Amino acid sequence: MDTNTNLDRTPGTGRTSEQTDALIALLDLGDELPGAAGLRARSYELLGLAPGAAIADVGCGAGRAVGEMAGRGARPVGVDLDERMIEVAGRRWPAADFRVAGAYALPFADGELSGYRAEKLYHILDDPARAVAEARRVLAPGGRIVLIGQDWDTYVVDSDDAALTRAIVHARADLVTGPRVARRHRNLLLDAGFTDVTVEVHTWVLTGAAAVPVLADLAERARSAGSISAAQAEAWLTEQRERGRRDRLFLALPLFVAAATRP
């Protein structure tokens, strides 16, 4: 993370506006990957999305899911702690409702919502159990919760250097607050008293040059952390670029979708 103190930082996140914009670009890339739209649609099915349903999309980012749920007739509210995210979301989806708030203190009354959705959020939380408790508070009896996240230890990358690939993947995981929280989603929901808990795995498989920016981010994060050298990062990424050029790149990323009912 850039530590330049001359840059404005978004309150509550520690990010500069430039870092938030870079994150938005990465999220946009993820939203366009094969299978991403289908995964979002599946999350709406698991929510039991219905016209007029009051839904919170917590950690909404630039607001794509909020816009899609609104287009299906629901009444979604996008919530994010990053003011810059909310600003961008509001510009992209001007008819939707977006609010600055965190996962531990949602701007809703007890039992106000029929649905709660969080995608790519819980891995940055220092207390996911507290977030699940807050989700239960704002959900009405019978309300649905859907959590979507990746396990950061399970990037599957074909490479000529398996040891270096493992080092890069694990170094990136070690930079995340809760890299393995997705494998805990089911137990978090059970421990909070939710019922009808289910878990699905949706695996994105990427085989073209479009996946190179994802791999470049992995290598750069590992290099910045000092886990690999600049030469190692460049050699690994050069191989992946060449694989992409020859249509021999392979990246698989499992995403875990947990859903449950508030009793």
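It should be emphasised that the depicted structure is a prediction, and the values quoted were computed from it without experimental measurement. Atom set for the values below is all heavy atoms of this structure, side chains included, hydrogens, waters and symmetry mates excluded.
Here the straight-line distance linking atom CD of Glu119 with atom CD of Gln150 works out to 10.5 Å at 0.5 Å rounding. In this structure, Tyr44 OH and Glu68 CD are separated by 3.5 Å, a value rounded to the nearest 0.5 Å. The CD atom of Glu220 lies 9.5 Å from the CG atom of Leu237; values are rounded to the nearest 0.5 Å. Between Asp160 atom CG and Thr165 atom OG1 the span is 8.5 Å, to the nearest 0.5 Å. The CG atom of Asp80 sits 14.0 Å away from the CZ atom of Arg99 when rounded to the nearest 0.5 Å. Distance CZ/Arg221 to CD1/Ile168: 14.0 Å, rounded to 0.5 Å.
Between Val157 and Gln240 there is a side-chain heavy-atom pair separated by less than 4.5 Å. Between Phe194 and Arg136 there is a side-chain heavy-atom pair separated by less than 4.5 Å. A heavy-atom distance below 4.5 Å is not found between the side chains of Cys60 and Met85. Looking at Leu47 and Tyr116, their side chains never come closer than 4.5 Å, going by heavy atoms from C-beta outward. Contact annotation: the side chain of Val199 never approaches that of His185 to less than 4.5 Å [non-hydrogen atoms, C-beta and beyond].
By the 4.5 Å side-chain criterion applied to Ile, Leu, Val, Met, Phe, Trp and Tyr, Phe98 is assigned to a cluster that also includes Val66, Ile86, Trp93, Val100. Through direct or relayed side-chain contacts under 4.5 Å between Ile, Leu, Val, Met, Phe, Trp and Tyr, Phe250 connects to Val156, Val205.
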Between Leu249 and Leu215, does the side-chain contact (heavy atoms from CB on, under 4.5 Å) criterion hold? Intermediate values first, please. CA-CA 10 Å; Leu249 185 148; Leu215 298 174; 3.8 Å; yes

Between Val132 and Tyr122, is a side-chain contact (heavy atoms from CB on, under 4.5 Å) present by the stated rule, with each step listed? CA-CA 10 Å; Val132 171; Tyr122 274 47; 3.5 Å; yes

For the pair Ile55 and Ser114, evaluate side-chain contact (heavy atoms from CB on, under 4.5 Å) and give the outcome as yes or no after the intermediate values. CA-CA 6 Å; Ile55 310 290; Ser114 60; 3.9 Å; yes

Test side-chain contact (heavy atoms from CB on, under 4.5 Å) applied to Leu81 and Tyr104, step by step: CA-CA 10 Å; Leu81 195 59; Tyr104 303 146; over 6 Å; no

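Of all heavy-atom pairs spanning Arg184 and Pro128, the tightest one is NH1-CG, 3.8 Å. Counting all heavy atoms, side chain and backbone alike, Asp57 lies closest to Ala65 at OD2-CB, 3.8 Å. Summarising the geometry of Ala182 relative to Phe256, their closest heavy-atom pair is CB-CD1, 4.1 Å, with the distance given to 0.1 Å. Heavy atoms only, all atoms of each residue included: Val79 and Ala101 are closest at CG1-O, 3.3 Å. Leu164 and Asp161 make their closest contact through N-OD1, 3.0 Å (heavy atoms, listed as atom of the first residue, atom of the second, distance). Shown here for Val197 and Ala260, the closest heavy-atom pair between the two residues is CG2-CB, 3.7 Å.
Between the Asp97 side chain and the Val77 main chain, no donor and acceptor come within less than 3.5 Å of each other. Remark: side-chain polar atoms of Thr261 are not paired, donor with acceptor, to backbone N or O of Pro263 under 3.5 angstrom. Using a distance-only test at 3.5 Å, with no hydrogens or angles considered, no donor-acceptor pair links the side chain of Arg186 to the main chain of Ala258. No donor-acceptor pair closer than 3.5 Å links the side chain of Thr177 to the backbone N or O of Leu125. No donor-acceptor pair under 3.5 Å is formed between the side chain of Arg223 and the backbone N or O of Ile228. Judged by distance alone, with hydrogens and angles left aside, the side-chain atoms of Tyr155 form no donor-acceptor pair with the main-chain N or O of Leu218 at under 3.5 Å. In terms of modelled atom types and a separation under 3.5 Å, the side chain of Arg262 and the main chain of Gly111 share no donor-acceptor contact. Looking at Arg117, its side chain never comes within 3.5 Å of a backbone N or O of Ser43 through a donor-acceptor pair. Judged by distance alone, with hydrogens and angles left aside, the side-chain atoms of Glu112 form no donor-acceptor pair with the main-chain N or O of Arg137 at under 3.5 Å.
No side-chain N or O of Glu242 forms a donor-acceptor pair with one of Thr238 less than 3.5 Å apart.
Linking ILVMFWY residues whenever their side-chain heavy atoms come closer than 4.5 Å, directly or via other members, places Val214 and Ile148 in the same cluster. Note on Leu39: it clusters hydrophobically with Val146, by side-chain heavy-atom contacts below 4.5 Å among ILVMFWY residues.
Pairs engaging residues 166-175 under the side-chain hydrogen bond (donor to acceptor under 3.5 Å, both in side chains) rule: none recorded [sequence neighbours left out].
Taking a cutoff of 4.0 Å between a charged side-chain nitrogen and a carboxylate oxygen, Arg243 and Glu239 qualify as a salt bridge. Ion pairing between Glu18 and Arg84 fails under the 4.0 Å rule for side-chain N and carboxylate O. Salt bridge present: Glu87 and Arg91 bring a charged side-chain N and a carboxylate O closer than 4.0 Å.
More than 12 heavy-atom neighbours from other residues, nucleotides or ligands sit within 6.0 angstrom of CZ on Arg42.
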